[in-house]
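Keep in mind that the numbers below use all heavy atoms, side chains included, and drop hydrogens, waters and symmetry copies.
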Amino acid sequence: MTLPTVRLFYWPSIQGRGEFVRLALEAAGVPYVDVARDAGDRGPGLLLSTMQAVAAASPASATPRPFAPPFIEAIPAAAGAVGETGPLRYVSHVAVVLQHLATRLPGRLCPEQMMEQALQLQLTITDLVKEVHDCHHPVASALYFHDQRDEAIMHTREFLKTRPQKFLAYFEALAPAPGASAGPFVFGSSISYVDTSVFQVVEGLRYMFPKAAPKLLQATPRVLGLCEAVRAHPGVAAYLLSSRRIPFNEDGIFRHYAELDLELP
């Protein structure tokens, strides 16, 4: 099977939500073009102009335009595929993008019999990502961190009391035991986009909360084992060593601010 080249549209200088898509594609060995990033200095402008062109050419009644990045150009379905409701030029929102890719590329990003379970798990990760973002922007996303610093400290203190523990415990129950005969990943021997997304969250928590993360993760050895299996996967390992892997920074979702680097209660 000749794999299509996926065209991914996302901000070129951050991991952000686009990284969940990048990691899944790298693990699956699916070729892709990181459109705005590959355009260099023209990247941000190209991304905005693409969105404007899509909005002008695609009225909402015909094919909904992406609200915001990340989005991809839709991959055409096979002729006569079940569930097709009409032409779709672009697919947006991380969980929908990943589900679209898994559907169009059977067995690459998720076992075919686990599609619904994978989507549910990815949406749970989406909930956690939103809560993480609220730590540094609890009042308004349009304000700078220093404009809501005191509220961010209060919000983060409360977040670290219970919220990451609850999400990590949920995935701990799903992750395989070390050395499990079925395989090291959530769905067994094959890596899926759920595995790479859990890995990205754990790496992000480590970057954002270096004081709290070690203690948080002590309680979830299976999640740690899952993350190490993802890190060792050939596609992911090569990506992490490449220039394509953008370092965490203070413009993405997982941001390290000294004021928020709190000890666990």
Side-chain angles (χ1 to χ4, degrees), residues 9-23 36-37 43-44 47-48 51 66-71 92-98 121-172 194 196-220 223-224 226-227 230 240 245-265:
F9 295 82
Y10 195 65
W11 304 110
S13 61
I14 62 173
Q15 291 186 14
R17 290 171 177 82
E19 196 67 9
F20 292 97
V21 181
R22 294 183 186 114
L23 274 167
R37 189 160 190 237
L47 183 59
L48 291 172
M51 294 187 67
F67 179 75
F71 59 92
S92 64
H93 292 286
V94 170
V96 183
V97 167
L98 293 172
L121 295 177
Q122 189 65 39
L123 288 169
T124 302
I125 292 169
T126 298
D127 290 340
L128 174 55
V129 169
K130 172 62 168 63
E131 293 196 27
V132 167
H133 180 270
D134 287 348
C135 286
H136 48 78
H137 278 74
V139 178
S141 58
L143 297 175
Y144 290 106
F145 168 70
H146 65 256
D147 295 324
Q148 49 195 316
R149 174 184 172 277
D150 292 344
E151 293 88 349
I153 293 172
M154 182 182 301
H155 187 97
T156 299
R157 185 175 291 117
E158 291 303 312
F159 171 81
L160 287 174
K161 285 181 181 179
T162 61
R163 300 306 292 166
Q165 295 89 328
K166 186 170 185 176
F167 282 97
L168 289 169
Y170 176 75
F171 284 99
E172 179 73 5
V194 174
T196 54
S197 292
V198 171
F199 170 82
Q200 176 66 6
V201 165
V202 169
E203 290 296 287
L205 291 174
R206 283 170 163 159
Y207 175 79
M208 190 168 178
F209 303 117
K211 291 180 181 176
K215 189 173 180 181
L216 280 173
L217 295 168
Q218 277 180 357
T220 55
V223 167
L224 287 177
L226 170 66
C227 290
V230 172
L240 295 178
R245 173 70 167 183
I246 304 167
F248 286 103
N249 59 45
E250 278 53 70
D251 292 318
I253 297 167
F254 298 97
R255 306 183 185 189
H256 177 71
Y257 293 113
E259 298 94 327
L260 304 185
D261 187 14
L262 307 174
E263 301 280 357
L264 280 185

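- At distances below 3.5 Å, at least one donor-acceptor pair connects side-chain atoms of N249 with backbone N or O atoms of S13.
- Of the options L264, V132, L216, a side chain to side chain contact (heavy atoms under 4.5 Å, CB included) to P164 is made by L216 and by none of the others.
- Contact annotation: the side chain of F71 approaches that of L47 to within less than 4.5 Å [non-hydrogen atoms, C-beta and beyond].
- For the residue pair R17 and P70, the shortest heavy atom distance occurs at CB-CD, 3.9 Å.
- By the 4.5 Å heavy-atom criterion applied to side chains, I246 and I14 are not counted as neighbours.
- With sequence neighbours excluded, the residues that form a side chain to side chain contact (heavy atoms under 4.5 Å, CB included) with D127 are F167.
- When every heavy atom of A36 is checked against every heavy atom of Y10, the shortest pair comes out as CB-O, 3.3 Å.
- The backbone N or O of M154 sits nowhere less than 3.5 Å from a side-chain atom of E158 that would complete a donor-acceptor pair.
- Here the CG atom belonging to D134 is positioned 9.5 Å from the OG atom belonging to S141, to the nearest 0.5 angstrom.
- Side-chain N or O atoms of T126 include one that pairs as donor or acceptor with a backbone N or O of Q122 at under 3.5 Å.
- Aromatic ring orientation, H136 versus H133: perpendicular (interplanar angle above 60°, classes split at 30° and 60°).
- Using modelled atom types, one side-chain atom of T220 and one backbone atom of L217 make a donor-acceptor pair closer than 3.5 Å.
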If you look only at distance, which donor and acceptor atoms sit under 3.5 Å apart when one is on a side chain in residues 199-213 and the other is two or more places apart or in another chain?
{"residue": "Q200", "atom": "OE1", "partner": "R245", "partner atom": "NH1", "Å": "3.1"}
{"residue": "Q200", "atom": "OE1", "partner": "R245", "partner atom": "NH2", "Å": "3.3"}
{"residue": "Q200", "atom": "NE2", "partner": "Q15", "partner atom": "OE1", "Å": "2.6"}
{"residue": "E203", "atom": "OE2", "partner": "R206", "partner atom": "NH1", "Å": "3.0"}
{"residue": "E203", "atom": "OE2", "partner": "R231", "partner atom": "NH2", "Å": "2.7"}
{"residue": "Y207", "atom": "OH", "partner": "E250", "partner atom": "OE1", "Å": "3.1"}
{"residue": "Y207", "atom": "OH", "partner": "E250", "partner atom": "OE2", "Å": "2.6"}

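- Here the side chains of F9 and P69 are not in contact, with every heavy-atom distance at 4.5 Å or above.
- Of all non-hydrogen atoms in S92 and A68, the two that sit nearest each other are CB-O, 4.2 Å.
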Q | Working for side chain to side chain contact (heavy atoms under 4.5 Å, CB included), residues W11 and D251 | A | CA-CA 10 Å; W11 304 110; D251 292 318; over 6 Å; no
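- Residue A95 comes nearest to L123 through the heavy atom pair CB-CD2, 3.7 Å, listed as atom of the first residue, atom of the second, then distance.
- The two residues L226 and V198 make their nearest non-hydrogen contact at CD2-CG1, 3.9 Å.
- Taking all atoms of both residues into account, the shortest heavy-atom contact from E259 to L262 is O-CD2, 3.5 Å.
- Partners of F145 by ring pair (Phe, Tyr, Trp, His ring centres under 6.0 Å), not counting sequence neighbours, listed by chain and number: Y257.
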Q. Is there a side chain to side chain contact (heavy atoms under 4.5 Å, CB included) between T124 and Y170 once you walk through the steps?
A. CA-CA 10 Å; T124 302; Y170 176 75; 4.1 Å; yes
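- Without hydrogens or angle criteria, E131 side chain to R163 main chain gives no donor-acceptor distance under 3.5 Å.
- In this structure the side chain of R255 never reaches within 4.5 angstrom of the side chain of F248, judged on heavy atoms.
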